[in-house]
Structure formats: C-alpha cells, structure tokens
There are 2 protein chains.
Amino acid sequence: MSLESIKYAPGRLEILDQLLLPVQSKYLEVKGVEDGWKVINKMQVRGAPAIAIVGCLSLAVEIFGENFETKKSLRQEIEGKLNYLVSARPTAVNMKIAADELIGLANELTKDENVTTEAMKTRFLKATEDMLQKDIADNKAIGTYGAKAILERFTKEAPVRVLTHCNTGSLATAGYGTALGVVRKLHELKLLEHVYCTETRPYNQGARLTAYELVHEKLPATLVLDSMVAALLRAKHIAAVVVGADRVAANGDTANKIGTYQIAVVAKHHDVPFYVAAPLTSIDLQIPSGDHIIIEERPDREMTHVGINCWNPAFDVTPASLITGIITEIGVLTPQHLKEVISAM
Amino acid sequence: MSLESIKYAPGRLEILDQLLLPVQSKYLEVKGVEDGWKVINKMQVRGAPAIAIVGCLSLAVEIFGENFETKKSLRQEIEGKLNYLVSARPTAVNMKIAADELIGLANELTKDENVTTEAMKTRFLKATEDMLQKDIADNKAIGTYGAKAILERFTKEAPVRVLTHCNTGSLATAGYGTALGVVRKLHELKLLEHVYCTETRPYNQGARLTAYELVHEKLPATLVLDSMVAALLRAKHIAAVVVGADRVAANGDTANKIGTYQIAVVAKHHDVPFYVAAPLTSIDLQIPSGDHIIIEERPDREMTHVGINCWNPAFDVTPASLITGIITEIGVLTPQHLKEVISAM
C-alpha cells in the first residue's frame, strides 16, 4: 500500500519524520499547534501541500479536545494560531493560502447567527479534514489523467518506462503524489514496466525519498545520477518524463527543483514527451511567464568545502516550449490553453 | 604555479596522494616498482596519462641506482617489471602501450652491438623521462590550440566564460592538463573571465579535484551541480564547453566521464560550442564509431544504500554530431576530418 506520511484520525495526528529517512521510519505524534510549528520549521515534514495540511491538522487536534464558551473566542483561537503556523516557514505559500481560507470560514461562521459554537467547531474541523481528503483525491485524478496521456501516445497498450525527478510522492503530499501519482497509477494499471528516478542533488531527494517510496511499495525502479538522463534516454526506450512543479506561470513556464529544465532540454532532443504534474493551486495566472518567478539561491556550503565559489540555485524554470502537457486534477492542459481553460472555470 | 602531481628528478620520484585530496596535500615517495604498482593499484595516482608516466618512472628510479652486468639482464629486468606494472590496473591501456614501447626499445638496444650496458641504461632512463616532458608539451600545445579556437569565434578579444566537466588537469596528466590546459591557457592570456566546473557525480572529481586545482592556482572559478548545466548556459553567457576524452573513435564519437553526452546535448540546444581536448594517443582509428566502445558499468553501492536498483555507467559516448572540434597537440580537428588528417601523418 501507499506510504502514509500523514496519519490522521479526529483528535490524533502523526507524521513520518522525513529527516530520519531512509535510515529510520519513525512517526512523530503532533499534539497541537506547538508541535505542528516545530515539525514544519525543522523540515520533518516537507513538500508544499504536506506542510499546509499538517499545519491545519495540528490546529484541528488542538481544538478537538477544547471547549469554547463563545464563537468569538473560537474565532480568535483559529486566527491567532493559524498566523503563528504561517511563521514556521514563511516561503511556503500553501500554508498561507490555507490559513487565509480557514480564517475566512471562521469569520463567516462567527457572523452566521444560525450556527452554534459547537456547530462552528464541527464545521471548522471538517474543513481541515477535507483538505487532506481533497489533496489525495486531486492527486488520484492527476494520476489517472497523466497515465492516460502517456499511454494514449501508443497504438498498442503495453507497459511503459518513465523517468521522474526529485520527490513528488506520498512524502511531499497528503498521499499518492503528483508526478509519482502518475507513476503509481501506471503501476496499478499493470502498465508500468519500469520507473527511473534521478538522485536530485544537492539534497538527494530522489535517492533518499523517491527511492525509499519506490522500494517500500515494490515498484520496478532504478536510480540514476542527474548526469545520466541523456545516456538513459538514448539507451533505454523511455515513454515519458513526468515531474512536479513548484509554480506554473500563466504561459506554462514551470519552476521546479533544479535540474528540471536540463531534463526537459534532453527530453526534447530525444523526442521524449515531457509532462508536468501539478494541482491547479500551483498554477499562478498572476505570473505572466517564468521570467517573473524569483529563484531561491542557497548557501555554498550545501555543495562543497574546498573553498571554491558555488552557484546553487534551488530551482530552475522550464520554458513552456519544452513542456508537452501540464497534468492537473481537471485534465491535461497544454501550456497554450492554460489561461483560457482556468479562467473559464 | 601549476599544481605538481608528479615530482621527478633522476633517482627520485614523488606523487601527490590523490586519495587524500582535497583534505590533505601529501606527497608519497615512490622508491621503485613495488611502490609504483601500489600507488597505481590503490588509485593514489589516477588519470590515464599519469598512470603510465608514474609506472614507467617508478622503474626508472629503481634502475637508476642499480648496476647491470649485461644488457641481457637489464633487458630482462625492464620486461619483467613493466609487465608487472601493467597488472596494477589492467584497464588502463596507456600503461600497456608505454610498456610495449619501452620493451621494444630495450630489445632494439640489446641487439645493437654499438651500445654498451651503461649506454643502454642511460638511453632507457632518458626514454622514460621523455614521456613526462612529452605529455606536458602536448598538453601545452592542446591548451594553445584550444584557447585560440574558443577566442577566434569572437570578433573582439575579450575575457570568456567556459564550462568543464570532471578532472582533466595537472592531477590527471603529467601536468598542465588537457581540457583544463585550455582553461589554464586562457587564464595565462588574461582572457579567462570565469570557469565553471561540474561536481561530476558519483566520484565528485569536479568538486574534489578540479575545484582543488582551480582554488590552488587562483583561477576565477565556480562549482555547479551536474543538473545545473542547462540553467547555467541559459543564465550566464558561456563561450564554450571543453571536456576531456577517454577514447575518441575514428568518426569523432567520444567516450568520456558519464554526463559528458548530456552536457553536449544541452550545449547544442543553447548554441554553445562543445570541444573535446585529447592527445592523439586517445584517438583510436581502429574503432569506427562510438557504438563499438564498451562502457564500464560500476557497482550499485557507489550511488546509494536504500536497496533500490542503480544504473551506474562510468562513461558515456557523445556522438560526433554534437562535437564542434577535437583539440589535439597538432591542432583542432573536426570529427569529419579526423581519420584523413591522422592517417596522412
């Protein structure tokens, strides 16, 4: 079964400590907002969707056992604690978006005179729990659309080989995964011959996390170095590359883990389709193109220690022209039609 | 000054222990063939030209202090010990080629009745010392031709930025280097604005050895991850890529450290010229194309430890179509004219 990075039941939350992987698989109980802030800040949970969900659920377990005398006191608790959670990793926009939504809901419920304090608490808990369910449902839809897109390029249905980069699986999301969700779906359909994953330097998310998930779930998988993608596409018959996204601009330009752009160039050279798998929340129509996405540059010391300068951008931008399709929970969109389709929703 | 990986004076040989780099710069004395075999076998010296030179010089220092009663006994000593040295790393063809040449010379001198035992020893020692000088002279010629080729693409002479892969410098050769010799020459001409070197996974020769050389010699340099080449070529104005070669086929297809082919694809996409720097001894006209070059695949454990399969080829082949020129000690040859030019020599 799929690796559970977040275990939740009303009043109880546990997360798989990602700092200990792959050496140790240890769950940490998150008893409330204080614990939630810590596991996010220390990066024991990572991946934009996972951070937002763990943050909101940490508030849910805290509120679960408490009694509130008035709706106003509940509203104050929600707003204060959510803003505190946002401060754990200020660059993770998903937590901020989720906090704003839940604060908006708390304000509405406070104003609605037909809602009791107890009903407000129940509605609020349900809203946080729905985030977990929606993320998994969205990922499953992404998996289904992605698998279909990859398979329908072939006249005969036969198992395919795919390549992925970084970690976009159960460990980065509420479960199932985006790009790795597509791979998982191919496997469920018995149409995955093999998945190759890259090491993903400098943090080795591929070698540490994706490899761990693939071994755990017994998918036929092989690890390659980041420098081997061209040799791989030349030597083995790879049906498609599928990667995740940190942010997609309105024209389809996609910011993702460093190395993604290089893989897209190499895929183009070898005529291998290149897919980006991402929920609609990652598509930002406010950003006209990749030129407007600011790339985080990280400290030199992550790379070496001999005293040489290092250039260490954490992400790169893949131009839309290199992207075959963007796999979302509503279907596979071409970069050209992104704006049109989403604006019409 | 250029880093000395091999220090030699008649009767005395020292090598820089490359296993301790970059943490420690320690020279090891090589007192004879026994020591020579060990430093080659343990990879304290590496790089095809360096292995052959250290092997032959270890015999030279051993013979230097010995007296031989007859030319026959000297000849036996030479043949026996050289064959023993070849066994230290059987895949390093340069040592085998050098051994065959020196054994041929010993046979000739034995037959020549005008040569005394003492003269034969002197001639033999000179032949081994000449190998060291020739390698450095060839590399300097490669540096000069390469720098000229890179610069002459520009109408105005101005400092350029270049990218290199793996280690092809003083540490892999008798001194100066092949691809890194080209970089060094640009720097001597005060026309090197910046050199970027790749980490070169899985052994990190770029991060450990090239970075060490560049810092030691105060060249303006920056280390990048193997996955960053495309982002680098897109963001910075790179005048050329220059890499070394393990073997060049008659049609120009080039086997080199894994990742070279990927860089060539990425260079082509960005219209950046891609040069291979190699001495003529690396060009094998017996091999019609890269398809006939056997690629060493190395053990999984070099890459990871989570139990996933790994694909770990040590080299890849760059098709001639992606190579702008092959920089040799006789000039820059295009892949198409390789056979013609060398055959006519």
Side-chain angles (χ1 to χ4, degrees), chain A residues 21-23 165 194 196-202 204 207-208 210-212 214-216 220-236 257-266 268-270 295 300 303-313 315-319 322, chain B residues 21-23 165 194 196-202 204 207-208 210-212 214-216 220-236 257-266 268-270 295 300 303-313 315-319 322:
Chain A
L21 292 179
V23 179
H165 185 55
H194 213 85
Y196 293 87
C197 64
T198 56
E199 186 177 38
T200 319
R201 293 280 298 148
N204 304 332
R208 286 194 305 113
T210 306
Y212 173 84
L214 295 172
V215 169
H216 180 270
T222 292
L223 179 67
V224 296
L225 297 178
D226 297 306
S227 62
M228 286 180 192
V229 173
L232 178 76
L233 298 194
R234 193 155 181 249
K236 319 273 180 185
K257 182 62 53 198
I258 184 72
T260 304
Y261 168 51
Q262 180 152 310
I263 296 175
V265 168
V266 165
K268 184 84 164 186
H269 181 80
H270 293 90
I295 298 299
D300 283 15
M303 280 171 60
T304 183
H305 36 77
V306 297
I308 193 168
N309 303 306
C310 295
W311 187 48
N312 192 8
F315 300 97
D316 58 24
V317 174
T318 301
L322 297 172
Chain B
L21 291 178
V23 178
H165 184 55
H194 213 86
Y196 294 87
C197 65
T198 56
E199 184 176 40
T200 320
R201 294 279 299 148
N204 303 334
R208 286 195 304 113
T210 305
Y212 173 84
L214 296 172
V215 170
H216 181 269
T222 292
L223 180 67
V224 296
L225 298 179
D226 297 307
S227 62
M228 287 180 191
V229 173
L232 178 76
L233 299 193
R234 194 155 180 249
K236 319 274 180 185
K257 183 63 52 196
I258 186 72
T260 304
Y261 168 51
Q262 181 152 309
I263 297 175
V265 168
V266 165
K268 184 84 164 186
H269 182 80
H270 294 89
I295 299 299
D300 282 15
M303 281 170 59
T304 184
H305 36 77
V306 296
I308 193 169
N309 303 307
C310 295
W311 187 48
N312 192 8
F315 300 97
D316 59 23
V317 173
T318 301
L322 297 172

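Just so it is clear, the model here is predicted, and its values are computed rather than measured. Chain naming here is simple, since letters A, B, ... match the order of the sequence lines and numbering starts at 1 in each.
Judged by distance alone, with hydrogens and angles left aside, the side-chain atoms of A/Gln262 form a donor-acceptor pair with the main-chain N or O of B/Asp226 at under 3.5 Å.
Using a 4.5 Å cut-off on side-chain heavy atoms (C-beta onward), B/Ile308 and A/Cys197 make contact. Side chains of A/Arg234 and B/Pro319 form a contact here, defined as non-hydrogen atoms less than 4.5 Å apart.
To the nearest 0.5 Å, atoms CH2 (B/Trp311) and CE (A/Met228) are separated by 7.0 Å. Remark: B/Thr198 OG1 to A/Arg201 CZ distance equals 12.0 Å, nearest 0.5 Å. Atom CG in B/Asn312 sits 9.0 Å away from atom CG in A/Leu223 (nearest 0.5 Å).
Per-residue heavy-atom pair counts under 4.5 Å with chain B were compared for A/Lys268, A/His165, A/His269, and the maximum is reached by A/His269. Chain B forms the most heavy-atom pairs under 4.5 Å with one residue out of A/Ile258, A/Thr318, A/Asp316, A/Leu233, and that residue is A/Ile258.
Of all heavy-atom pairs spanning B/Pro202 and A/Leu225, the tightest one is CD-CD1, 3.4 Å.
Proximity to chain B (any heavy atom under 4.5 Å) is restricted, for A/His270, to the side chain, taken from C-beta onward. Using a 4.5 Å cut-off between heavy atoms, A/Ala235 contacts chain B through its side chain alone, with no backbone atom that close.
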